[in-house]
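All values derive from a computational prediction rather than experimental measurement.
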Amino acid sequence: MAKGNTSVIQKTALMIRHDISSNEPINSDTGISSTDYYAEEIADGLDGLEQSEFYDYYRGRIGTSFNHFADDFIESNYTNAKTAADAKRSLALFTALLWSM
């Protein structure tokens, strides 16, 4: 995962998981939030193995890849284009180093 291999299922699950608001309302009858309902809807459209992979990422049983949020991090922390490019290059080199191990 640290090597940056991400599938569409993984990206979707992580996006939903990390967009959950800490004050998101929960249905008092079911104990399920609107984000969980949305995740269920997506999972219903997947086959068994894909659904299992989706839930592993969504529930946090499998972690977030190292560079999943790299672009967002660089965009929000570096205003100078050259510094941002240097940071992106450094992360790419680090990821490449992980691949060689």
**Study point:** Whether over 12 other heavy atoms sit under 6.0 Å from Glu75 CD
**Key:**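 Open: at most 12 neighbouring heavy atoms sit under 6.0 Å from CD of Glu75.
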Practice item. Can you establish whether the number of heavy atoms outside Tyr37 located under 6.0 Å from its atom OH is more than 12? Key: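 It does: Tyr37 OH has more than 12 such atoms within range.
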Check your understanding: Would Tyr58 and Ile42 count as a side chain to side chain contact (heavy atoms under 4.5 Å, CB included) if you check the C-alpha gap in whole Å, the side-chain angles of each, and the deciding distance to 0.1 Å?
Key -> CA-CA 11 Å; Tyr58 178 66; Ile42 290 173; over 6 Å; no
Gap separating the [atom1] atom of [X] from the [atom2] atom of [Y], nearest 0.5 angstrom:
X	Y	atom1	atom2	answer
Glu53	Ile9	CD	CD1	4.5 Å
Arg89	Lys82	CZ	NZ	6.5 Å
Thr83	Asn77	OG1	CG	11.5 Å
Tyr55	Glu40	OH	CD	3.0 Å

Between [X] and [Y], what is the shortest heavy-atom contact and its length?
X	Y	value
Tyr57	Leu14	O-CD2, 4.2 Å
Gly31	Ile26	C-CG2, 3.3 Å
Gln51	Leu46	N-CB, 3.8 Å
Ile16	Thr35	CG2-CG2, 3.4 Å
Ala70	Leu91	CB-CD1, 3.7 Å

Review point. Under the 3.5 angstrom rule, does the side chain of Thr12 hit a backbone N or O of Val8 as a donor-acceptor pair?
Key: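 Yes; judged by distance alone, with no hydrogens or angles, the pair exists.
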